Protein chains: 2
Amino acid sequence: MAIAPTEVAAAREAWPLVMRLVFANKASFVSAMAEFDLTPVQAHVLRILEPGRSLTMNDLAEELRCDASNVTGLVDRLEHRRLVERRPGNRDRRVKELSLTRAGATLRRRVLARMSEPPPELVRLSVRDQRQLRDILRRALES
Amino acid sequence: MAIAPTEVAAAREAWPLVMRLVFANKASFVSAMAEFDLTPVQAHVLRILEPGRSLTMNDLAEELRCDASNVTGLVDRLEHRRLVERRPGNRDRRVKELSLTRAGATLRRRVLARMSEPPPELVRLSVRDQRQLRDILRRALES
DNA sequence: TATTGTTATACTCTATAACTATA
DNA sequence: TATAGTTATAGAGTATAACAATA
């Protein structure tokens, strides 16, 4: 059965609101991460790099949705601060395995806690709305 | 009455989901805007600069939440493409009034239409969920 | 030959500080 | 003196292309 054009009408109205919400809080996110001496992208790297997990440089580029050449400098800066470390791959010596240091894991916890802090627009919603929003987003992102 | 800590628990769960949704679609947004030869920030300028409205350079910096020194180059590039134009302020000759050209207004319509196109995560929601999401976000952003 | 990561290069965005021309 | 906008400068993120080491 073909999907009628009206099926996405509400999504088309909702999506710009999502972007407005995020954009309105962008500056606050940037300055919150700056308190950890992190740029937004560096913060995302910490988020992606779960403790115990290890990623190759290519994996990270893919998760960040950017060209692989960028992660060299990005990881350089984090490694220089001893937040992450490169280790040579066991099987394939071309590969670098990237992982968090102890200090990186500690900072990651603080960063994630700060990233989860909801903006005033969500805080002032009723608890009922907050829960519905959470549930709808879970359904959207699942699978 | 003090707000109990549990009041924001659901918002704290919802907010990272919002960011995940946006982050997952960032690359798609960047390449969509690139088809118009626009960077994301340039696209935001077009969105902010409604036809008929005019803004000073300082106003634009404020709306973009960036330092005023940045908008000089940003507007230079858009003006060079004849999408926006600077006109001297009437009363105060220090001020530049910024507005869309005809070409800018035309491109703006296409850009806004593209920006409103919802990502697959929202499209596959039920119509009921789409509407609730829209309504909750409207309540969050109102006032 | 193909792949992983790096380097070289160029452009945009960003902030800070100093400057200009008005007010 | 104060303000609007610009310029100078520096650093970070981004892409493309070329490269070395390894497979």
Side-chain angles (χ1 to χ4, degrees), chain A residues 23 26-49 54-81 83-99, chain B residues 23 26-49 54-81 83-99:
Chain A
F23 191 68
K26 190 190 158 199
S28 149
F29 177 70
V30 171
S31 65
M33 293 305 110
E35 287 177 29
F36 300 114
D37 273 305
L38 294 172
T39 65
V41 175
Q42 289 168 353
H44 281 305
V45 172
L46 254 51
R47 178 183 54 79
I48 289 165
L49 215 54
S54 96
L55 289 179
T56 68
M57 301 295 275
N58 269 343
D59 290 340
L60 181 57
E62 210 167 291
E63 296 248 26
L64 287 173
R65 291 155 187 88
C66 73
D67 189 87
S69 64
N70 296 314
V71 295
T72 298
L74 184 54
V75 168
D76 281 349
R77 290 183 279 275
L78 291 171
E79 192 169 37
H80 191 253
R81 287 173 59 188
L83 296 172
V84 307
E85 57 185 2
R86 288 170 168 104
R87 302 191 56 187
N90 286 331
R91 296 189 284 273
D92 185 337
R93 280 189 299 175
R94 290 173 305 181
V95 171
K96 306 274 174 72
E97 296 286 351
L98 200 66
S99 58
Chain B
F23 191 69
K26 189 189 157 198
S28 151
F29 177 70
V30 171
S31 66
M33 293 305 108
E35 288 177 29
F36 300 114
D37 273 305
L38 294 172
T39 66
V41 176
Q42 288 168 352
H44 281 305
V45 173
L46 257 50
R47 177 182 56 78
I48 290 165
L49 215 54
S54 97
L55 288 181
T56 68
M57 301 295 274
N58 269 342
D59 290 340
L60 182 57
E62 210 166 293
E63 296 248 24
L64 288 173
R65 290 155 189 84
C66 74
D67 189 87
S69 65
N70 296 313
V71 296
T72 298
L74 186 54
V75 167
D76 281 350
R77 291 183 278 276
L78 291 171
E79 191 169 38
H80 191 252
R81 288 173 60 186
L83 296 174
V84 307
E85 57 186 3
R86 286 172 169 103
R87 303 190 55 186
N90 286 332
R91 296 188 285 273
D92 185 336
R93 280 187 301 175
R94 289 173 305 181
V95 171
K96 307 275 174 71
E97 296 287 347
L98 199 66
S99 58

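Worth saying up front: this structure is predicted, and the values here are computed from it rather than measured.
- Residues from residues 37-47 of chain A lying near DNA chain D, meaning a heavy-atom separation below 4.0 Å, are Thr39(A), Val41(A), Gln42(A) in numerical order.
- One can place CG of Asp67(A) at 10 Å from C1' of dA17(D), the figure rounded to the nearest angstrom.
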Derivation of the side chain to side chain donor-acceptor pair (under 3.5 Å) call for Arg77(B) and His80(B)
CA-CA 5 Å; Arg77(B) 291 183 278 276; His80(B) 191 252; over 6 Å; no
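- The shortest distance between the side-chain N/O atoms of Arg86(A) and the OP1/OP2 oxygens of dT4(C) is not below 4.0 Å.
- Residue Asp92(A) is classed as a sugar-phosphate contact, given heavy-atom separations below 4.0 Å to backbone atoms only.
- Side chain of Arg93(B), nearest nucleotide from dT6(C), dT22(D), dA23(C): dA23(C).
- The environment of CZ in Arg87(B) is sparse: at most 12 heavy-atom neighbours from other residues, nucleotides or ligands sit within 6.0 Å.
- Distance check: Leu74(B) CG to Thr39(B) OG1 gives 6.5 Å after rounding to the nearest 0.5 Å.
- If you check distances only, the side chain of Arg94(B) does reach the base of dT3(D) with a donor-acceptor pair under 3.5 Å.
- The side chain of Thr72(A) lies closest to dG5(C) when the candidates are dG5(C), dC13(C), dT6(D).
- Between dT14(D) and Lys26(B), a contact under 4.0 Å exists linking OP1 or OP2 to a side-chain N or O.
- Closest non-hydrogen pair, Val30(A) versus Pro40(A), comes out as CG2-CG, 3.9 Å.
- At a cut-off of 3.5 angstrom, counting only N and O atoms as typed in the model, there is a donor on one side and an acceptor on the other between the side-chain of Ser69(B) and the base of dT16(C).
- One finds no side-chain N or O of Asn58(B) lying less than 4.0 angstrom from the OP1 or OP2 phosphate oxygen of dT3(D).
- Comparing dG5(C), dT14(D), dT6(D) by their closest approach to the side chain of Asn70(A) singles out dT14(D).
- Contact annotation: Arg91(A) does not reach the phosphate of dT22(D) (side-chain N/O to OP1 or OP2, under 4.0 Å).
- At least one donor-acceptor pair closer than 3.5 Å links the side chain of Arg65(A) to the backbone N or O of Glu63(A).
- Residues Gln42(B) and Phe36(B) are not in side-chain contact: their nearest non-hydrogen atoms beyond the backbone lie 4.5 Å or more apart.
- Closest non-hydrogen pair, Leu60(A) versus Ile48(A), comes out as CD1-CG2, 4.2 Å.
- Rounded to whole Å, atom P of dG5(D) lies 14 Å from atom CG of Leu74(B).
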